[in-house]
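What follows is a set of notes on a single structure, which appears directly below.
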Amino acid sequence: MQEEHRVSVGGLASSLVQSYRKTTSITNIEKKSFPSRQAVIRVTEELRELLFPGYLGRTTLCWENVEYYVGATLDRLFNEMSGEISKSFNHPAHTSQDATCSECQGRACRETLQFFQKIPAIRSLLEEDVQAAFDGDPAARDVDEVIFSYPCVVAISIFRMAHELFLQGIPLIPRMMTEYAHSVTGIDIHPGATIGRKFFIDHGTGVVIGETTVIGDNVKMYQGVTLGALSLPRDERGQIIRGTKRHPTIADNATLYAGATILGGGTEIGKGSVVGGNVWLTNSIPSHTKVIIEEPRLRIMQNLES
Amino acid sequence: MQEEHRVSVGGLASSLVQSYRKTTSITNIEKKSFPSRQAVIRVTEELRELLFPGYLGRTTLCWENVEYYVGATLDRLFNEMSGEISKSFNHPAHTSQDATCSECQGRACRETLQFFQKIPAIRSLLEEDVQAAFDGDPAARDVDEVIFSYPCVVAISIFRMAHELFLQGIPLIPRMMTEYAHSVTGIDIHPGATIGRKFFIDHGTGVVIGETTVIGDNVKMYQGVTLGALSLPRDERGQIIRGTKRHPTIADNATLYAGATILGGGTEIGKGSVVGGNVWLTNSIPSHTKVIIEEPRLRIMQNLES
Amino acid sequence: MQEEHRVSVGGLASSLVQSYRKTTSITNIEKKSFPSRQAVIRVTEELRELLFPGYLGRTTLCWENVEYYVGATLDRLFNEMSGEISKSFNHPAHTSQDATCSECQGRACRETLQFFQKIPAIRSLLEEDVQAAFDGDPAARDVDEVIFSYPCVVAISIFRMAHELFLQGIPLIPRMMTEYAHSVTGIDIHPGATIGRKFFIDHGTGVVIGETTVIGDNVKMYQGVTLGALSLPRDERGQIIRGTKRHPTIADNATLYAGATILGGGTEIGKGSVVGGNVWLTNSIPSHTKVIIEEPRLRIMQNLES
């Protein structure tokens, strides 16, 4: 059997390589340099440890050793992250076989520095987000529980980092980061979305926040909320047009309950308004308005087979 | 470039440490001792292997070696789990720098013993839950498939363990366990919920079961069901009040179909009642009642752009 | 304390082993041989690297080394996969203690070869699926971003492999594979479902596609779509009947928006039809028809406590 299967495996290998030559759009051989998804996820997790020192990762920090710990960690992360960013530029000069060119490496170092300089500001935003979660959920015992176990903290902390890289124009990596958060939390936030301060998502599974969404300050939403596109604008050749405002705007202090679906680039939810559970909205709502769905009709029956 | 970036990293490190001194509520340096999330997840997975011997983890058990295997595993888990529980008490006497005090270690050992003594009873409940899943799903080939691949088995087995730790008053760890299950399954069950025998959740993604929910025996639900709070009671200072009954009660033999949302601490679904898909309920339903939403109106159009 | 707890652990171990003898339906000691879930997941991930060469896993392939790389990988995967398949047959002749019998090993090798021969055809389908995702989502920058970060690519690539193993009648492993994809993406596709070409799921969290679903070509759906069973047919003894067509049929070019729920084996969505967000359907829709739910009533209030 062993011999026999080795022979067959030889045949399988050549037919698979033939398919690599044929099915080229999902084959990257001697084509492009790409960041490694595994490396991006590893860097993302280490950055989260720096955002919440003493909570995630190393838990025995003291003021005497923390600067050394942070410096050593940043230095290692700097090298790893700038390497992945350099590959993401996919300069025509380098393919998957070469090292990236020195021009891309220099640019990647500058972009990485620029990103690292934003980390303290990101932490200030996250402190407010964590407080908003505690204030908004009666089940929260304390802020520590929120940091340790709330999926929105994972999703928002990764989003706020990915959004800065998105604004810097780094390819691929921001979306890899937010899709990693999506996989872990069920919360799908596009790195291009604009999200204000004190943002809280409770439970979160199924939440979708599209690329051109704009969210104000102090907005609270629950699981299954969709902020999506109403329809796909197409050019004369029938190709969808990319880059237009396709997703809604949510003003300050709005609350969106579980399963609310709000669609369209022109759709705005006014300040302090409330969208009830399972509401499906494709037009704007003024400020301080509440939209709810009517109660379902009830029927009593003996036969309960549905 | 290397030299240059090292200089810059030095500056980044000190500004980040400054932000640690400033943004203190998400910084744990010389403050508290906490359980390690990674360790809690590792212990949870090893406990699941003990719950389903020969299915998860080591698959070559025989009656001659099983008691030795179980004893060695329990001994190792006992030390690891009691250590994490001891840290979770966060006694003022110990911070993240110290070992925990002997008083906490003694209490942690007693709590761990008490929890381990409940494992056989948890297994009896899980045997019924697994059978309920097989009986409730025509797609299930056999009980083995249910144990190996049904997300509800992961979520319920972790919930039933976390709930016992919650009842013992262990901080942080029960929620870390159920949020780990949430991340893996999309099923979000608060460790404080009360859930009866023969519980089955089919598919499960998006299910939310709140802290003060009470669920009877032989209840079946599908993906996207929310058992949530209707509104957040606030005290005179506008702070939300914690610890009141905010989530619904589901009586024996009830069935909740996909996307049903049931809200409020006073809302009760009666015995044997059925809540249809996407129904949104904020008031009680008597026994043996079926609630469904009306069929949507249909329209025929040529232009299919939505 | 140490001594004391060792004594107690001894008692815990024997009571747990007693529960293994009592609660037998979730105990696999000297009973059956099963594939290892960890091994199945590892093989699944390595197969995905072969499906998208140079994207996942090793990123420095060139045409000179690729055949060697593919051959070595296939040879290793062949041995691991045929071993797990052999255990899945659970021939009465072997229990969890024995090696599997040579008859099962021979059959497993033949099944593994048959599966590996299908990989090039699976790649051709995936190339079309990836293109459909790019064409269907204005947020996609390029095909590379789709391959690297779209959850539907993970779910569909694993589904298309698991479906072939399901058609070959391999026990347990196909469902283990799709439930792994479910855990990572929130997209729950039963390996028995029939899905045509150019299939795109946007976002995807909460999607459920049941065992007997039939989906045509060029179908697009969004997060939270359920293609499920309407009710469970039961035999005269009240046992649910397995294996009948319980899930809907979706014809070519149909679009299903977020949260649509379509139930029943006789329910068919006609060619080119559109089912709007949150629609709940239990009967068929003709071709080129659009079904949407009515807009919710709006109310304006000052008091925004919901």
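Because the structure is predicted, anything quoted here is derived from the model rather than measured. Just so we're on the same page: letters track the sequence lines, and every chain starts at 1.
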Can you measure from [atom1] ([X]) to [atom2] ([Y]) and round to the nearest 0.5 angstrom?
X: C:S88; Y: B:D144; atom1: OG; atom2: CG; result: 11.5 Å
X: C:L16; Y: B:R123; atom1: CG; atom2: CZ; result: 6.5 Å
X: B:L61; Y: C:K31; atom1: CG; atom2: NZ; result: 12.0 Å
X: C:L12; Y: B:L113; atom1: CG; atom2: CG; result: 6.0 Å
X: B:L51; Y: C:S19; atom1: CG; atom2: OG; result: 8.5 Å
X: C:I26; Y: B:E128; atom1: CD1; atom2: CD; result: 10.0 Å

message: Shorter than 4.5 Å, heavy atoms on both sides: which option in C:M176, C:R21, C:M177 has the most such pairs with chain B?
response: C:R21
statement: Assert top hit (heavy-atom pairs under 4.5 Å, partner chain B, pool C:Q38, C:H182, C:H190) equals C:H182
For [X], which atoms come within 4.5 Å of any heavy atom of chain C: side chain, backbone, both, or neither?
X: B:A140; value: both
X: B:I147; value: side chain
X: B:V143; value: side chain

At a heavy-atom distance under 4.5 Å, which candidate from [options] has the highest pair count against chain C?
options: B:G259, B:S149, B:G276; result: B:S149
options: B:F52, B:Y69, B:Y55; result: B:Y55
options: B:G71, B:A139, B:G186, B:G206; result: B:A139
options: B:Y68, B:F148, B:Y150; result: B:F148
options: B:Q131, B:Q117, B:R141; result: B:R141
options: B:I119, B:V66, B:V154, B:L56; result: B:V66

- request: For the residue pair B:Q223 and C:T226, confirm or rule out a side-chain donor-acceptor distance under 3.5 Å.
  value: yes
message: For a quick test of reading the model, state the closest non-hydrogen atom pair linking B:H203 to C:D188 and the distance between them.
response: ND1-OD2, 2.8 Å
query: Minimum heavy-atom separation for B:V184 to C:S183, with atom names?
result: O-OG, 2.8 Å
Any donor-acceptor pair under 3.5 Å from C:T23 side chain to B:S124 backbone: no
message: Between C:Y20 and B:L50 (side chain of the first, backbone of the second, donor and acceptor by atom type, cut-off under 3.5 Å), is there such a pair?
response: yes
- prompt: Is there a side-chain contact (heavy atoms from CB on, under 4.5 Å) between C:V207 and B:T205 once you walk through the steps?
  reply: CA-CA 8 Å; C:V207 163; B:T205 307; over 6 Å; no
message: Take a 6.0 Å sphere around CZ of C:R37 and say whether it holds more than 12 heavy atoms from other residues, nucleotides or ligands.
response: no
Residue pair B:E64 / C:E30, side-chain heavy-atom distance below 4.5 Å: yes
Under 4.5 Å heavy-atom distance to chain B, tell me which part of [X] shows up: side chain, backbone, both or neither.
X: C:T27; value: both
X: C:R175; value: both
X: C:P171; value: neither

query: How far apart are the C-alpha atoms of B:E127 and C:K22, what are their side-chain angles, what is the distance that settles it, and do they pass the salt bridge (charged side-chain N to carboxylate O under 4.0 Å, His left out) test?
result: CA-CA 11 Å; B:E127 182 173 48; C:K22 187 163 131 297; over 6 Å; no
